[in-house]
Amino acid sequence: MAFLMKSMLSNQVKNLGLGGGGEESKEENTPSDPAAAAGMTREEYEEYQKQMVEEKMERDAAFVQKKAERACLRVHLREKYRLPKSEQDENQIQMAGDDVSLPEDLQKMVAEDQEEEEDKDSILAQLQNIQNMDMDAIKEKAQATFTEMKQAAEQKCSVM
């Protein structure tokens, strides 16, 4: 209801000429040339437009490169953890070109992870794990398992 009242009153005010005609005069005074609207000459405006297009292309190229680097990292992680490959990541890498590699900080992180995994897989690391084990708990568990097996065998075998 308020909308109807507002639209009816504003139309009547415009017809009387008490302030409704200001919008129409603004539309008539706007220049049709975008260079004049920006306060530049035609050549300055064209140069400005060229710069804007070049900057946009540079930003887009940098964005595609970053997306490809992220995709490269995801591919590396998928290979590391034996996860299924993603077609989208491969497409992003191809779009950026063959010069895509991991950023330096990510390469350092990957190298550190590989060193840690190699250390865990070494014989010395396994020996250290043996030293850290609780031998008493292992002995108790082995004895409990042995006694359970012995009782089960006694129940099944009539000779024992």
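Positions are given from 1 along the sequence. Computed from a predicted model, the values in this text were never measured in an experiment.
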Table please: side-chain donor-acceptor pairs of residues 75-89 below 3.5 Å, with sequence neighbours left out.
unit_1, atom_1, unit_2, atom_2, d
Arg78, NE, Pro84, O, 3.3
Arg78, NH1, Asp89, OD2, 2.3
Lys80, NZ, Glu117, OE2, 3.3
Ser86, OG, Gln88, N, 3.4
Asp89, OD1, Arg74, NE, 3.0
Asp89, OD1, Arg74, NH2, 2.8
Asp89, OD2, Arg74, NE, 3.3

Could you state whether Leu73 and Met109 fall into the same hydrophobic cluster, counting links through intermediate Ile, Leu, Val, Met, Phe, Trp or Tyr residues with side-chain heavy atoms under 4.5 angstrom apart?
yes
State the CD-OG1 distance between Glu148 and Thr145, to the nearest 0.5 angstrom.
5.5 Å
Output the distance between atom CD (Glu69) and atom CD1 (Ile93), rounded to the nearest 0.5 Å.
10.5 Å
Under 3.5 Å, which donor-acceptor pairs do the side chains of residues 44-57 form with other protein atoms, sequence neighbours left out?
unit_1, atom_1, unit_2, atom_2, d
Glu44, OE1, Thr41, N, 3.1
Tyr45, OH, Gln49, NE2, 3.2
Lys56, NZ, Asp60, OD2, 3.1

Run the side chain to side chain contact (heavy atoms under 4.5 Å, CB included) test against Lys108 and tell me which residues pass, sequence neighbours left out.
none
Could you give all pairs that pass the salt bridge (charged side-chain N to carboxylate O under 4.0 Å, His left out) test and reach residues 137-146, with sequence neighbours left out?
none
